[in-house]
Amino acid sequence: SYFSSCEALIRLKDPRAGYISPAIFMPIAEKNGTVLGIDRFVLSSVCEMLATTKAISYGLEYVEVNLSVVDCIQTNLAESILNILKERNIGPSRINLEITETWDKDVTSVIDQNIRKLMSSGITFSMDDFGTGYSNFSRLADMPVKIFKLDKSTVQAAFESENSYMIMYNMIKIIKSLGKEIVAEGVETGEQAKQIIRLGCDHIQGFFYANS
C-alpha cells in the first residue's frame with residue numbers, strides 16, 4: 001500500500017465566506033483560548049474515525065494530529081489526551097502529535113516535559129514545518145520527537161536552486177544521523193518523489209499522492 005498514515009486537517013466554514021483556512025483562524029483561536037477546544041475536537045474526531053471505520057485494516061498505521069503551542073504548555077495535557085483515547089479504546093501508537101518548532105525558548109522545558117510524558121505512554125511526536133522556525137541544529141539531538149517534517153517551502157525551493165537543494169540535502173543527513181524519521185511535505189511530482197526518497201526521506205506527503 002502507498003499509504004501508512006494520514007494527517008487530520010480542519011477548516012472553519014462560514015455561511016457567507018465559505019471555508020476559512022486555519023492560517024487565518026488558528027492565530028485568533030490561540031489568542032482567545034478556543035484553540036484548546038479545537039485541538040480536543042480534532043483528536044476526538046480522529047479517534048471516532050479509527051473506532052468506526054476499517055481504516056486500520058486497510059493499512060493505516062497512525063494519524064497525525066496537530067497540537068498547538070497553547071496546548072503544549074497545559075499541565076493536564078497528557079491526562080486529557082489519554083482520556084480521549086481511552087474513551088474510544090484507541091491505542092496510543094495510533095496517534096502521532098505534530099508540533100511546530102516556533103515556540104518561544106522560555107517555554108521549551110515545559111513543552112519537552114509534556115512531550116516526554118505522552119511519549120512514555122506510547123504516543124509519538126513529529127516536528128512539523130521544520131526549516132521555517134528557530135531551532136538550530138545543536139538542539140536537534142535534544143528534541144524529544146521521532147519524526148521531522150520538512151516544510152513544503154523547503155522542499156520546493158530545493159528543486160528551484162542548487163543552493164537550496166544542498167541545504168535540504170544536509171538537513172536530511174543530519175536528521176538521519178540522529179536516528180530520526182523524515183517526512184517531506186509538498187511533493188508534487190513523481191520525479192520529486194524519486195529524488196527525495198533517494199536522499200533518504202522515509203515518507204513523502206503532497207499533491208502527487210492526492211492525484212495518483
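Quick caveat, the model's predicted, so the values are computed rather than measured. Any value given below was found using the heavy atoms of this structure, including those in side chains, with hydrogens, waters and symmetry copies removed.
When all heavy atoms of Ile182 and Cys201 are compared, the pair lying nearest together is CG2-SG, 3.6 Å. Between Ile99 and Cys72, the closest heavy-atom pair is CG2-SG, 3.7 Å. Across Ala184 and Ile196, no two heavy atoms sit closer than the pair CB-CG2, 3.6 Å. In terms of heavy-atom proximity, Ala8 sits nearest to Asn66 at O-ND2, 3.8 Å.
Residues Leu67 and Leu77 have side chains in contact (heavy-atom distance under 4.5 Å, counting atoms from C-beta outward). Counting heavy atoms from C-beta outward, Thr189 and Val187 have side chains that stay 4.5 Å or more apart. In this structure, the side chains of Val65 and Asn96 stay at 4.5 Å or more apart for every pair of heavy atoms. No side-chain heavy atom of Met127 sits under 4.5 Å from any side-chain heavy atom of Glu98. In this structure the side chain of Cys47 reaches within 4.5 angstrom of the side chain of Ile84, judged on heavy atoms. Side-chain contact between Leu9 and Glu7 is present, with heavy atoms from C-beta onward closer than 4.5 Å. Proximity of Val63 to Met49: side-chain heavy atoms (C-beta onward) are separated by under 4.5 Å at one or more points. Between Leu82 and Leu118 there is a side-chain heavy-atom pair separated by less than 4.5 Å.
We find the OG-CD1 distance between Ser177 and Ile172 to be 12.0 Å, quoted to the nearest 0.5 Å. Atom CG of Leu150 and atom NE2 of His203 lie 12.0 Å apart (nearest 0.5 Å). For the atom pair CG of Leu199 and NZ of Lys194, the computed distance is 14.5 Å after rounding to the nearest 0.5 Å. Atom CG of Leu36 is separated from atom OG of Ser68 by 6.0 Å, given to the nearest 0.5 angstrom. Note: Arg116 CZ to Phe125 CZ = 11.0 Å, rounded to the nearest 0.5 Å. Rounding to the nearest 0.5 Å places CD1 of Ile95 at 11.5 Å from OG of Ser5.
Partners of Glu181 according to the salt bridge (Lys or Arg N to Asp or Glu O under 4.0 Å) rule, which considers only residues two or more places apart in sequence or in another chain, are Lys146. Residues satisfying the salt bridge (Lys or Arg N to Asp or Glu O under 4.0 Å) test with Arg88, not counting sequence neighbours, are Glu48.
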Using atom types as modelled, flag every donor-acceptor pair under 3.5 Å from a side chain in residues 14-31 to any protein atom, sequence neighbours excluded.
unit_1	atom_1	unit_2	atom_2	d
Asp14	OD2	Arg16	N	2.9
Asp14	OD2	Ala17	N	2.8
Ser21	OG	Ala23	N	3.1

Identify every side-chain donor-acceptor pair in residues 159-168 under 3.5 Å, counting partners at least two apart or on other chains, and give the distances.
unit_1	atom_1	unit_2	atom_2	d
Ser161	OG	Ser164	N	3.1
Ser161	OG	Ser164	OG	2.9

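The closest donor-acceptor contact from the side chain of Ser44 to the backbone of Phe41 lies at 3.5 Å or more, if one exists at all. Checking side-chain atoms of Ser57 against main-chain N and O of Lys54 turns up a donor-acceptor pair under 3.5 Å.
Residues Gln205 and Lys149 have side chains that bring a donor and an acceptor to within less than 3.5 angstrom of each other. In the model, Asn114 has no side-chain atom that pairs as donor or acceptor with a side-chain atom of Gln74 under 3.5 Å.
Cluster partners of Tyr62 are Ile147, Val183, counting Ile, Leu, Val, Met, Phe, Trp and Tyr whose side-chain heavy atoms approach within less than 4.5 Å, directly or via other members.
Contacts classified as salt bridge (charged side-chain N to carboxylate O under 4.0 Å, His left out) and involving residues 32-42 (residues at least two apart or in different chains) are given here: Arg40-Asp71.
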- Query: Step by step, would you call Glu185 with Asp128 a side-chain contact (heavy atoms from CB on, under 4.5 Å)?
  - Reply: CA-CA 9 Å; Glu185 298 182 296; Asp128 197 18; 3.3 Å; yes
- Criterion side-chain contact (heavy atoms from CB on, under 4.5 Å) on Ile81 and Leu97, from CA distance to verdict: CA-CA 10 Å; Ile81 288 177; Leu97 296 174; 3.8 Å; yes
